[in-house]
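Okay, structure first, notes after.
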Amino acid sequence: MSAIYAYSIALEAMLLVGLGLSDELLPTPNEMAIVLGLSFAMGLQNAATTRISDARVRTTHVSGMATDIGISLASLTIKAQDADGSRARLWLHLSTIFAFLLGGVIGVML
């Protein structure tokens, strides 16, 4: 079972190498693809360390809440025993991210 985490970290490493090479070797790298790839790698790393540490350790602060949303969605998808708890956590994380977004937009407008 723990090998799954090694596979995800190996995938992250390959992704990071590929993104780095594309940035260095392509005459005009696709910046959006690089940003999305790095975001995916952060989420993958965060998900692996969150699962390994039982949510005690976060390695990327930016994507931690999004990782929690993904974990809650996965729990609901596989019909985990604690579906009500997963729904409550999902609502909490979604409303928190929405509040951050709304606060940022209002802050810029003011």
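Not measured: the values here are computed from a predicted model.
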Where do Asp23 and Pro29 come nearest, in terms of heavy atoms and distance? OD1-CG, 3.5 Å
Would you please name every residue forming a side chain to side chain contact (heavy atoms under 4.5 Å, CB included) with Met109, sequence neighbours left out? Val105
What distance separates Ser8 OG from Gln45 CD, expressed to the nearest 0.5 Å? 9.5 Å
List, by chain and number, the other hydrophobic cluster members for Leu36, where Ile, Leu, Val, Met, Phe, Trp and Tyr join if side-chain heavy atoms come within less than 4.5 Å, directly or indirectly. Met32
So, using side chain to side chain contact (heavy atoms under 4.5 Å, CB included) as the criterion, who are the partners of Leu102 when residues are at least two apart? Phe98, Ile106
Chi angles and distances behind the side chain to side chain contact (heavy atoms under 4.5 Å, CB included) call for Leu11, Tyr7: CA-CA 6 Å; Leu11 173 64; Tyr7 295 139; over 6 Å; no
Can you sort out the partners of Leu94 under side chain to side chain contact (heavy atoms under 4.5 Å, CB included), two or more places apart, ordered by chain and number? Ile69, Leu90
Which other residues end up in the same hydrophobic cluster as Leu25, if Ile, Leu, Val, Met, Phe, Trp and Tyr are linked when side-chain heavy atoms come under 4.5 Å apart? Val17, Leu21
What is the minimum heavy-atom distance between Leu15 and Ala41, and which atoms define it? CD2-CB, 3.8 Å
Side-chain touch Leu16/Leu38, heavy atoms, less than 4.5 angstrom: yes
I want to check something: taking the side chain as every heavy atom from C-beta on, are Glu31 and Ile34 in contact at a cut-off of under 4.5 Å? no
